[in-house]
Number of protein chains: 2
Amino acid sequence: MMGRGRGAWWQDRFADRGARITAPREVVLEILQETDDHVTAADVYVKAHERNPSIGLTTVYRTLDMLTQMGIVQKFDFGDGKARYELVNNPGGKKHHHHLVCLRCKAIVDYTEFLDDELEFIGKTQQRLSKKYDFDITDHAISFYGVCARCR
Amino acid sequence: MMGRGRGAWWQDRFADRGARITAPREVVLEILQETDDHVTAADVYVKAHERNPSIGLTTVYRTLDMLTQMGIVQKFDFGDGKARYELVNNPGGKKHHHHLVCLRCKAIVDYTEFLDDELEFIGKTQQRLSKKYDFDITDHAISFYGVCARCR
DNA sequence: CATTTAATGATAATGGTTTTCATTTTTAAT
DNA sequence: ATTAAAAATGAAAACCATTATCATTAAATG
């Protein structure tokens, strides 16, 4: 139903990198796929620990970091002292979106509108940057900052 | 030469907010204007302390935070555990730019190219978002993520 | 099965950032 | 000016998310 064999879509990416598919890593991926929020490492840890009490916080951090480096997860910092994580491509989950951040109360609005123009612009820019700086670009993030109605 | 009276461009913004123009704040602004880097709070503190040893680290943090909320400074987190700050509009300083981040070594490339297309896209999107979500948008950030040549 | 390598988890340590609180400075009022 | 009220400051302590350490366990390899 997805990918080759009976593995999930991300398993091939692990293989390419020589990373082992372990129980804790599977649990973390599961959890990320089930949520639509920007979760913190602690959030993931709590849920992971419920399913498998042997999973430690350290491993959650390490796994999230690995996934970030692989481009499977995107790491954000909205300014409240905790990093947030979310799947880059969540099949059947939340779709591509960007963020609108209130500089006062740190509220986050996820917007999915107006992405048609973006597609063209990002595509072209990514290609140019990629070539000029010899980067293997896998992702991007756009954030707008301002003050929300309630804080004004 | 700039703004009204003999004040710097940011003084009016302070007045509007009822924020006082104090010596430590002036020093922090000076320092930010003199650099083209993404400085950490500690960086600013060291320089500020040189000019006026009575300035404390706490005040530097508080000032940077205030400036961020006012939209005068942009705060970044590139994933190395320290927040970075830079002036949004630095007259005579570094020009508008965005970032290309290596997910492995966390190297940052500031790019200033290809901003013509951006101008149009960002302008339109900002206006739409502003209206739809009732946000007073003052700034934006675009980041591309990938793996640099050396890490590949 | 044996061996090597990777991954894990409990704990301790780290360190950037924030809180606390007494003091000082600035502004507004008298 | 003098005084009273409010804002800003700084030293030190507290916080807390994240990372390093290291002994143990699990997985891949031949």
Side-chain angles (χ1 to χ4, degrees), chain A residues 7 10-11 13-29 31 38-70 73 75-85 103-106, chain B residues 7 10-11 13-29 31 38-70 73 75-85 103-106:
Chain A
W10 47 268
Q11 305 211 345
R13 311 272 303 266
F14 272 54
D16 292 344
R17 204 180 200 256
R20 294 175 180 171
I21 295 165
T22 65
R25 289 173 177 178
E26 283 185 313
V27 171
V28 169
L29 260 313
I31 289 168
H38 324 95
V39 292
T40 64
D43 292 336
V44 175
Y45 169 69
V46 169
K47 289 184 183 172
H49 202 259
E50 279 172 11
R51 304 188 192 188
N52 183 343
S54 83
I55 296 177
L57 178 60
T58 308
T59 297
V60 170
Y61 270 105
R62 277 189 292 231
T63 302
L64 290 172
D65 189 56
M66 185 185 75
L67 295 174
T68 302
Q69 288 198 25
M70 292 172 74
V73 157
K75 182 181 181 181
F76 290 98
D77 181 344
F78 295 130
D80 66 346
K82 308 169 207 182
R84 311 268 164 176
Y85 302 85
L103 294 169
R104 295 270 168 77
C105 67
K106 326 230 139 132
Chain B
W10 47 268
Q11 304 211 348
R13 310 272 301 266
F14 272 54
D16 292 344
R17 203 176 200 256
R20 296 173 180 171
I21 295 165
T22 65
R25 288 174 179 176
E26 283 185 312
V27 171
V28 169
L29 260 314
I31 290 168
H38 324 96
V39 291
T40 64
D43 292 336
V44 175
Y45 169 68
V46 168
K47 290 184 183 173
H49 201 260
E50 278 171 11
R51 304 186 192 187
N52 183 343
S54 83
I55 296 178
L57 178 59
T58 309
T59 297
V60 170
Y61 270 106
R62 277 190 291 230
T63 302
L64 290 172
D65 189 57
M66 186 184 77
L67 294 174
T68 302
Q69 288 198 26
M70 293 172 73
V73 158
K75 181 181 179 182
F76 290 98
D77 181 344
F78 295 129
D80 66 346
K82 307 169 209 184
R84 310 269 164 174
Y85 302 85
L103 294 169
R104 295 269 168 78
C105 68
K106 325 231 141 135

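Computation of the quantities below employed the complete heavy-atom set of this structure, encompassing side-chain atoms and omitting hydrogens, waters and symmetry-equivalent molecules. Being a predicted model, the structure only gives us computed values, none of them experimental.
Rounded to an integer number of Å, the gap from CG of A/D80 to P of C/dT19 is 12 Å. Following rounding to the nearest Å, A/K82 (NZ) and C/dG15 (P) show an atom-to-atom distance of 23 Å. Distance B/F14 CZ to D/dA7 P: 16 Å, rounded to the nearest Å. For the pair B/L57 CG and C/dT19 P, the interatomic distance rounds to 14 Å; values are reported in whole Å.
Side-chain contact, B/T40 with B/D43: a donor N or O sits under 3.5 Å from an acceptor N or O.
Between B/R20 and C/dT27 there is no side-chain polar atom (N or O) within less than 4.0 angstrom of OP1 or OP2. Neither OP1 nor OP2 of C/dT18 sits under 4.0 Å from any side-chain N or O of B/Y61. For the pair B/T59 and D/dG10, the criterion of a side-chain N or O lying under 4.0 Å from OP1 or OP2 is met.
Residue A/A83 is in sugar-phosphate contact alone, with no base atom involved, counting any heavy-atom pair closer than 4.0 Å across all strands shown. Residue A/A19 is in sugar-phosphate contact alone, with no base atom involved, counting any heavy-atom pair closer than 4.0 Å across all strands shown. Residue B/T22 is classed as a sugar-phosphate contact, given heavy-atom separations below 4.0 Å to backbone atoms only.
In this structure, of C/dT17, C/dT20, C/dT26, it is C/dT20 that holds the atom nearest to the side chain of B/R62. Here C/dT19 is the nucleotide among C/dT19, D/dT9, C/dT8 with the atom lying nearest to any side-chain atom of B/T58.
Not a single donor-acceptor pair under 3.5 Å links the side chain of B/K106 to the backbone N or O of B/F78.
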